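None of the values given here were measured: they were computed from a predicted structure. Numbers for residues simply follow the sequence, beginning at 1.
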Amino acid sequence: MTEEGMVAEVETGEATDMNEYTQLYGDKPEKTSWLCKWKVKRRYIVALLAFFGFCNIYMLRVNLSVAVVAMTSNRTHTYPNGTVETFPDFEWDSGTQGLILASFFYGYIITQIPGGYLATKYGGKRIFLYGVTSTAILTILTPPLAHLHTSFLVAARVLAGLCEGVTYPSIHAIWSRWAPPMEQSRITAFAFSGMYMGTVIAMPLAGILAEYVNWESIFYVFGLIALLWCLMWWWFVEDSPDQDRSITDQELEYLQNTIGVTDREVACSPPWKAMLTSKPVWAIIIAHFTENWGFYTLLTSLPMFMRDVLEYSLDAAGILAAFPYILMAVVVQISGYLADTFRADGKLSTTHIRKLFTCGAYLGQSMFMLLTALIMSRGTSTVFLSLALGLGGLTWAGFGVNHLDVAPKYAAILMGISNTVGTIPGILSPALTGAIIKDRTPEEWRTVFLITAGVYAMGALLYGLLASGEKQDWADGDVGLLDTEKEKNEIYSTPDKEYGATQIQDKTEYEDDGAYGDEYEYEEEDE
C-alpha cells in the first residue's frame with residue numbers, strides 16, 4: 001500500500017472512531033492536561049475537592065454550636081466614658097438557644113429533594129457550588145444580623161439551611177458519573193469524611209477565635225475560607241468526565257465503559273412511586289435518620305456538655321469536642337477501603353457488606369452511648385463519646401453509598417429523599433435536648449444519651465431487616481445504566497464492538513492491550 005493510501009486509511013479510521021464517539025458521548029473535548037502529567041487521575045481530583053467542599057460545609061454549619069456558647073458567656077464591655085461591665089452579648093435561655101441551633105435545619109430539610117432533582121437534571125457541579133457560595137455569604141452576614149435582632153439571626157440560619165440543603169444530594173449526581181462501581185465506597189467515603197474534618201477544624205478554631213478575638217470573627221473567617229474553595233471548585237470540576245478537558249483518554253474511556261451515564265439517560269422521569277414503596281430505599285432513609293440523630297445531638301450539644309458537666313474551659317471544650325470527629329474521619333477512610341476490598345474479593349455480597357458496616361456501627365454506637373450515660377466522668381465520657389462518634393464513620397461505607405447500589409441513575413434524588421428525613425433529627429434533637437437540659441445536671445444529660453442509644457439500636461434492627469445492595473428493578477427507567485457484568489460479556493462476545501477510539505478485536509487482544517482489559521475486572525487502569 002502506498003504512503004498516501006496508508007494515511008487515507010488512518011484518517012478514515014480516525015473519522016469513524018470520532019463519529020462513533022460523538023454518537024455515544026457527544027463532542028470529544030480537547031485535552032489540555034497539566035495535572036495528569038503527574039498521573040493524578042481526574043476522579044481523584046474531584047474527590048479531593050469534594051472532600052474540602054464538605055469540610056467547608058460543616059465548618060459553616062457547626063460554627064454556631066461553638067459561637068453560641070461565647071455569645072451567651074460573660075464578656076467584658078468597655079464604654080467610651082471608661083466604665084467597664086461584664087455581661088453576655090445575648091441572654092438566651094436554653095430553649096432559645098435550641099431554636100437558634102435548630103433553625104438551620106428548618107431550611108435545610110426543604111431543599112433536599114429539589115436539590116437532588118435539579119442536580120440530576122442540570123448537573124451536580126453548579127448546584128453544589130451555588131449551595132456552598134450562598135451559605136458562605138450568609139455566614140459572613142450573620143454577626144451584624146444577630147446584633148440587629150435574634151429573629152434576623154434565625155432567619156439567616158434558615159436561609160443558610162435552604163442554600164446548603166442542595167449540597168448533599170447534588171454530590172451523588174457527581175459520583176454517578178465519576179465513581180466507578182468498585183471504587184464507589186472509597187471515593188464517596190473519602191469525600192464525606194470531609195464533613196468530619198470540617199468539624200475537627202471548626203470546633204477548636206472557633207473556640208480559639210472566640211477566646212482570643214471575638215465570636216464575630218468565627219463567621220467572617222469561616223465564610224471567607226469557603227468562598228476561596230468555591231473558586232477552586234468552579235475552576236477544576238466538571239459535571240461529567242466527557243466535559244473535563246484535563247482528563248486523559250484512558251481514564252475517560254474507562255469511566256464511560258464502567259459507568260456509562262449520558263445526558264440521554266438522566267433525562268428520564270424518576271419513578272417516584274417505585275422509589276417511595278421500595279424497602280431498600282426505606283432502609284436507607286431509616287439509617288440516615290439514625291446516624292444523624294446521634295451525630296446532630298452531639299454536634300450541637302457536645303461543647304455545652306463539656307462546659308456544664310465536665311467543666312472544661314471554652315477553648316478546651318472546643319478542642320476536646322473535636323477528638324471524636326478526628327476518629328470518625330479516620331474510620332471513614334478505612335471503612336471505604338475495606339468495603340471495596342470485600343466487594344472485589346467476592347466473599348461477601350454487596351448487601352452483606354452494607355449491612356455489616358451499618359448495623360455493626362449502630363450496635364457499637366448504642367453500647368458506647370449507654371456507657372456514657374452510666375459512667376459520667378471527664379476521662380470515660382471523652383473516650384466513650386469519641387468511640388461512639390468514631391464508629392459512625394463505618395456507616396458511610398454502608399448506607400452512605402447504598403443509594404448508588406440500588407439506583408445509580410437516581411442516586412442524587414434518593415440522597416435528597418433520605419437526607420430530608422435525615423434532617424429531622426437536626427430539628428428535633430436540639431429542641432429535645434433544650435427541653436430536657438434545664439438545670440444542666442448530669443442526670444439531664446444522662447437522659448439525652450439514653451435516648452440516643454435507643455435510636456441507634458432501633459436503626460440497626462430495621463436496616464438489617466430491610467436493606468439491599470442490589471440494583472432494583474425500577475432503577476433503570478426507560479433507558480438503563482450499563483450493567484457492568486452484562487457489558488463485559490457483550491464486549492467479549494462482540495469482536496467488532498468499539499468504544500471511542502479503542503477497537504476490541506477479541507477477548508485475548510483486549511486483555512493483551514493492557515489499557516482496559518483488567519478494568520472490566522474492576523482493577524485500576526494502567527498509569
Any non-hydrogen side-chain atom of [X] less than 4.5 Å from a side-chain atom of [Y]?
{"X": "Leu252", "Y": "Asp242", "answer": "yes"}
{"X": "Tyr456", "Y": "Leu363", "answer": "no"}
{"X": "Ile334", "Y": "Val331", "answer": "no"}
{"X": "Gln112", "Y": "Thr423", "answer": "yes"}
{"X": "Thr452", "Y": "Trp293", "answer": "yes"}
{"X": "Ser193", "Y": "Trp396", "answer": "no"}
{"X": "Met458", "Y": "Phe289", "answer": "no"}
{"X": "Pro169", "Y": "Ile113", "answer": "no"}

If we ignore angles and hydrogens, is there a donor and acceptor under 3.5 Å between the side chains of [X] and [Y]?
{"X": "Asn402", "Y": "Tyr463", "answer": "yes"}
{"X": "Arg61", "Y": "Tyr296", "answer": "yes"}
{"X": "Ser185", "Y": "Arg343", "answer": "no"}
{"X": "Thr395", "Y": "Thr358", "answer": "no"}

Quiz: residues 45-55 side-chain donor-acceptor pairs under 3.5 angstrom, not counting sequence neighbours:
none

Would you confirm whether [X], through its side chain, and [Y], through its main-chain N or O, come within 3.5 Å as a donor-acceptor pair?
{"X": "Thr167", "Y": "Glu164", "value": "yes"}
{"X": "Thr341", "Y": "Tyr337", "value": "yes"}
{"X": "Ser418", "Y": "His288", "value": "no"}
{"X": "Gln472", "Y": "Glu470", "value": "yes"}
{"X": "Ser170", "Y": "Val166", "value": "yes"}
{"X": "Asn419", "Y": "Met415", "value": "no"}

Measure the spacing between [atom1] of [X] and [atom2] of [Y] and express it to the nearest 0.5 Å.
{"X": "Asn292", "Y": "Ile427", "atom1": "CG", "atom2": "CD1", "value": "11.5 Å"}
{"X": "Met328", "Y": "Gln333", "atom1": "CE", "atom2": "CD", "value": "12.5 Å"}
{"X": "Phe192", "Y": "Ile57", "atom1": "CZ", "atom2": "CD1", "value": "9.5 Å"}
{"X": "Met59", "Y": "Ile225", "atom1": "CE", "atom2": "CD1", "value": "4.0 Å"}
{"X": "Ile417", "Y": "Leu276", "atom1": "CD1", "atom2": "CG", "value": "5.0 Å"}
{"X": "Gln250", "Y": "Leu255", "atom1": "CD", "atom2": "CG", "value": "10.5 Å"}

Next on the checklist: Before you tell me yes or no, could you show the steps for Phe190 and Val332 under side chain to side chain contact (heavy atoms under 4.5 Å, CB included), namely the whole-Å CA-CA distance, both residues' side-chain angles and the distance that decides it to 0.1 Å?
Outcome noted: CA-CA 7 Å; Phe190 172 75; Val332 168; over 6 Å; no
Checklist entry - With Glu291, which residues qualify under salt bridge (charged side-chain N to carboxylate O under 4.0 Å, His left out), at least two apart? => result none
Next on the checklist: Walk me through whether Leu162 and Tyr106 qualify under side chain to side chain contact (heavy atoms under 4.5 Å, CB included).
Outcome noted: CA-CA 8 Å; Leu162 282 169; Tyr106 297 149; over 6 Å; no
Item to check | Pair Leu389-Leu327, side chain to side chain contact (heavy atoms under 4.5 Å, CB included): steps then yes or no | outcome: CA-CA 8 Å; Leu389 269 177; Leu327 180 60; over 6 Å; no
Checklist entry - Taking everything shown except Trp272 itself, do over 12 heavy atoms lie less than 6.0 Å from its CH2? => result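 Yes, CH2 of Trp272 has more than 12 neighbouring heavy atoms, counting only those of other groups under 6.0 Å.
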Give the minimum heavy-atom separation between [X] and [Y], together with the two atoms involved.
{"X": "Gly469", "Y": "Thr351", "answer": "N-OG1, 2.7 Å"}
{"X": "Gly165", "Y": "Thr111", "answer": "CA-OG1, 3.2 Å"}
{"X": "Ala160", "Y": "Thr135", "answer": "O-OG1, 3.6 Å"}
{"X": "Pro280", "Y": "Ser468", "answer": "CG-CB, 3.7 Å"}
{"X": "Leu64", "Y": "Arg157", "answer": "CD2-NE, 3.5 Å"}
{"X": "Thr120", "Y": "Gly116", "answer": "OG1-O, 2.8 Å"}

Item to check | Counterpart residues, ring pair (Phe, Tyr, Trp, His ring centres under 6.0 Å), relative to Phe295 (two or more places apart) | outcome: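 For Phe295 the ring pair (Phe, Tyr, Trp, His ring centres under 6.0 Å) partners, ignoring immediate neighbours, are Tyr58, Tyr196, Tyr325.
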Checklist outcome for this item: For Trp233, the ring pair (Phe, Tyr, Trp, His ring centres under 6.0 Å) test, sequence neighbours excluded, returns Phe128, Trp229
Next on the checklist: Under a 4.0 Å threshold between the charged nitrogen and the carboxylate oxygen, would Arg186 count as salt-bridged to Asp340?
Outcome noted: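 So Asp340 pairs with Arg186 through a salt bridge.
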Checklist entry - Is it true that Glu238 and Arg42 make a salt bridge, defined as a side-chain N closer than 4.0 Å to a carboxylate O? => result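 No, no charged N to carboxylate O under 4.0 Å.
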Item to check | side chain to side chain contact (heavy atoms under 4.5 Å, CB included) partner of Phe222, the single match among Leu205, Ile201, Asn56 | outcome: Leu205
Item to check | Chi angles and distances behind the side chain to side chain contact (heavy atoms under 4.5 Å, CB included) call for Phe399, Ile286 | outcome: CA-CA 9 Å; Phe399 87 87; Ile286 292 168; over 6 Å; no
Item to check | Non-neighbouring partners of Tyr122 that pass side-chain contact (heavy atoms from CB on, under 4.5 Å), sequence neighbours left out | outcome: Leu118, Arg126
Next on the checklist: Going by salt bridge (charged side-chain N to carboxylate O under 4.0 Å, His left out), name the pairs with one or both residues in residues 344-364, residues two or more places apart or in two chains.
Outcome noted: Arg354-Asp405
Checklist entry - Centres of the Tyr410 and Tyr117 rings: under 6.0 Å? => result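 No: the rings miss the under 6.0 Å criterion.
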